[in-house]
> 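Can you keep this structure in mind? I'll have questions shortly.
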Protein chains: 2
Amino acid sequence: MKKNSVNAVHHLVDTYPKVPLTVDCVIFGFEESKLKVLLIKSDLAFFQGKLSLLGDFVKNNEDLDDAAYRILKERTGMNNVFLDQVKVFGKPDRHPGGRVITIAYCSLLNIQHHALNIHENELDWYDYDAIKELAFDHKEIVDECYAWLQKRIQEHPLGFNLLPDKFSLRELQNLYEAILGVTMDRRNFRKKFASMDLLIDTNEMEQDVSHRPGKLYQFNFNKYEKKKRKWIGIDF
Amino acid sequence: MKKNSVNAVHHLVDTYPKVPLTVDCVIFGFEESKLKVLLIKSDLAFFQGKLSLLGDFVKNNEDLDDAAYRILKERTGMNNVFLDQVKVFGKPDRHPGGRVITIAYCSLLNIQHHALNIHENELDWYDYDAIKELAFDHKEIVDECYAWLQKRIQEHPLGFNLLPDKFSLRELQNLYEAILGVTMDRRNFRKKFASMDLLIDTNEMEQDVSHRPGKLYQFNFNKYEKKKRKWIGIDF
DNA sequence: CTAACTTTGTATCCTAACGACGCATTTGCC
DNA sequence: GGCAAATGCGTCGTTAGGATACAAAGTTAG
């Protein structure tokens with residue numbers, strides 16, 4: 001009875017058109033006050049020379065998020081990094097080899113933490129601003145993820161994933177300025193984050209700076225809980 | 001040369017695992033101060049009796065957004081409605097008939113506009129609050145879309161898609177209160193929208209209300225342009 | 001060593017937005 | 001006409017955000 005309906009469903013599903021499914025990871029980093037993206041030389045001869053995102057097909061019984069984490073782990077050796085689904089790209093002609101749907105994931109990681117096995121894989125960091133053209137529709141994907149990041153970083157403490165464990169307020173501000181493409185007043189920025197009460201003063205100071213060193217802080221992930229938006233968040 | 005590389009790519013793509021791909025539409029409506037969702041009795045015997053979202057598989061050469069628009073058109077007869085991609089759901093076991101990936105789209109539409117062909121299709125509106133269980137993982141999908149809507153409606157003028165062309169400020173406030181699950185001060189709400197200068201006074205009044213009628217307004221889509229967020233949008 | 005320079009860190013002032021609330025006005029209903 | 005219910009307008013106090021002043025700490029050039 002039940003088994004019959006399951007069989008019927010299986011038959012139905014078998015009649016569906018099927019498409020290959022991939023995951024592409026837009027991996028952002030931050031160094032020298034610049035937003036970076038991790039890219040690799042495309043492995044397709046068709047795109048000879050062009051750069052592309054890190055991606056792979058989704059395995060048969062693999063969850064989508066797991067696929068994205070797997071790619072990150074395989075390519076960078078990193079575990080436990082921030083990762084979030086952003087959007088699906090599925091134009092019928094986006095892949096030269098036939099239709100391929102891809103799910104874009106955005107990831108943020110601390111460059112210092114994984115300076116490893118970069119070059120052996122033809123993998124490297126590129127300034128986001130300098131990216132002109134990529135293989136497939138990857139330029140479009142990167143841009144969507146960047147827009148997503150700009151928006152998200154203002155309402156959620158993601159930025160800290162891009163910084164070292166301990167950072168100065170100036171580094172934090174440089175991060176925000178680089179991502180949002182604006183300049184802000186140093187003192188108001190400080191005031192803002194001080195009032196949020198989410199930074200831990202480590203009682204350590206910057207080293208190797210050629211001017212007055214600033215205090216180093218850590219982000220207090222424990223203390224953070226999503227603020228309940230007051231209704232008057234209505235703002236458009 | 002080029003043809004060779006194209007052939008090679010085709011062969012590569014052919015080796016990818018393939019999955020059926022569907023689109024599911026979460027269609028919100030608003031009536032009697034309540035947020036509604038358009039649901040249909042599942043066409044699978046497996047889910048006998050349970051309700052499900054409006055969905056269909058994506059055709060071979062069909063763009064994803066087009067598929068979502070097609071479903072809306074087919075099922076509701078509506079064109080030109082608001083529609084946006086929200087998230088992909090791809091747990092390997094989310095469909096009883098085998099793996100099926102689905103892309104959730106969120107749509108908002110004015111119930112008055114399409115009171116048509118509802119019942120002939122076993123299609124009907126249900127209070128969002130009363131939805132307890134749905135076929136597949138559709139409950140989870142609806143909830144994600146609802147969360148998406150709550151967030152989105154505060155920063156983008158979507159709500160007007162759920163209202164008649166002409167509406168009173170009370171109706172507008174009821175909409176926001178229903179979706180955000182809060183109560184707001186009537187006078188501040190009025191002040192807020194007045195200051196935004198996006199409502200056109202139609203010089204008409206409500207009809208058929210059992211108390212003092214309010215003015216009717218229209219939303220001025222032309223005048224709206226996305227506000228540039230001041231940096232200090234940082235708020236978490 | 002000292003003066004000039006750079007950057008950090010704290011405090012103050014002003015304005016605009018927001019939340020709370022008072023109240024007169026307009027309609028329906030008895 | 002009087003009451004209830006909702007609309008429409010205004011005011012007041014608080015607060016967050018932007019601009020600016022200035023002292024403190026450390027580096028570099030003479």
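In the text below, chain A, chain B and the rest are named by the order of the sequence lines, each starting its count at 1. The shown structure was predicted, so the numbers you read here are calculated from the model rather than taken from an experiment.
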> Using 4.0 Å as the upper bound for N to carboxylate O, is an ion pair formed by B:R152 and B:D84?
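Yes, B:D84 and B:R152 are salt-bridged.
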> Rounded to whole Å, please give me the gap between CZ in B:R170 and C1' in C:dT27.
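Result: 12 Å.
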> Side chains of B:C25 and B:L72, heavy atoms from C-beta outward: is any pair under 4.5 Å?
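Counting from C-beta outward, B:C25 and B:L72 do come under 4.5 Å.
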> Which whole-number value in Å describes the distance from A:M184 CE to D:dT20 P?
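In whole Å, D:dT20 P and A:M184 CE are 18 Å from each other.
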> Any carboxylate oxygen within less than 4.0 angstrom of a Lys/Arg side-chain nitrogen, looking at B:K223 and B:D197?
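Salt bridge: yes.
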> Could you tell me whether the side chain of A:R186 has a donor or acceptor atom within less than 3.5 Å of a complementary atom in the base of C:dG9?
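Present.
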> Would you mind reading off the distance between B:R187 atom CZ and C:dG19 atom P, rounded to a whole angstrom?
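Going from CZ in B:R187 over to P in C:dG19 covers 13 Å.
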> Whole-Å distance between D:dG8 P and B:Q173 CD?
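So the two atoms are 12 Å apart, to the nearest Å.
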> Can we say B:K215 and B:D201 salt-bridge, meaning some charged N sits less than 4.0 Å from an Asp/Glu carboxylate O?
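A salt bridge is present here (some side-chain N lies under 4.0 Å from a carboxylate O).
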> Is it the case that the base of D:dG8 and the side chain of B:K191 share a donor-acceptor contact (distance under 3.5 Å, atom types as modelled)?
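Answer is no: no donor-acceptor pair is held.
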> Could I get a table of every N or O pair under 3.5 Å where one atom is in the protein and the other is in nucleotides 24-30 of chain D?
| from | atom 1 | to | atom 2 | distance (Å) |
| --- | --- | --- | --- | --- |
| D:dA24 | N3 | A:R212 | NH1 | 2.6 |
| D:dA25 | O4' | A:R212 | NE | 3.2 |
| D:dA25 | O4' | A:R212 | NH1 | 3.3 |

> Nearest whole angstrom, please: distance from the P of D:dA16 to the CZ of A:F189.
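Rounding to the nearest Å, CZ of A:F189 and P of D:dA16 are 18 Å apart.
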> For D:dA16, does either OP1 or OP2 sit under 4.0 Å from a side-chain N or O belonging to A:K192?
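Result: no.
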> Could you tell me whether A:D66 and A:R70 have a side-chain N and a carboxylate O separated by less than 4.0 Å?
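A salt bridge is absent here (no side-chain N lies under 4.0 Å from a carboxylate O).
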> Give the rounded distance in Å between these two atoms: CZ of A:R190 and P of D:dA23.
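Checked: the CZ to P distance equals 17 Å.
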> Is a salt bridge present between B:E140 and B:R94, judged by a nitrogen-to-oxygen distance below 4.0 Å?
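Looking at B:R94 together with B:E140, the answer is no, because their closest N to O distance does not fall below 4.0 Å.
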> Could you check how far CG of B:N188 sits from C1' of C:dC21, rounded to whole Å?
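Computing the B:N188:CG to C:dC21:C1' distance gives 9 Å.
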> Kindly point out which of D:dG8, C:dC21, D:dT20 is positioned nearest to the side chain of A:D185?
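For the A:D185 side chain, the nearest candidate turns out to be D:dT20.
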> Excluding sequence neighbours, so at least two apart, what forms side-chain hydrogen bond (donor to acceptor under 3.5 Å, both in side chains) with A:K191?
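Not a single residue meets the side-chain hydrogen bond (donor to acceptor under 3.5 Å, both in side chains) criterion with A:K191.
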> In whole angstrom, give the distance that lies between atom CG of B:D201 and atom C1' of D:dT7.
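One finds 13 Å between C1' of D:dT7 and CG of B:D201, rounded.
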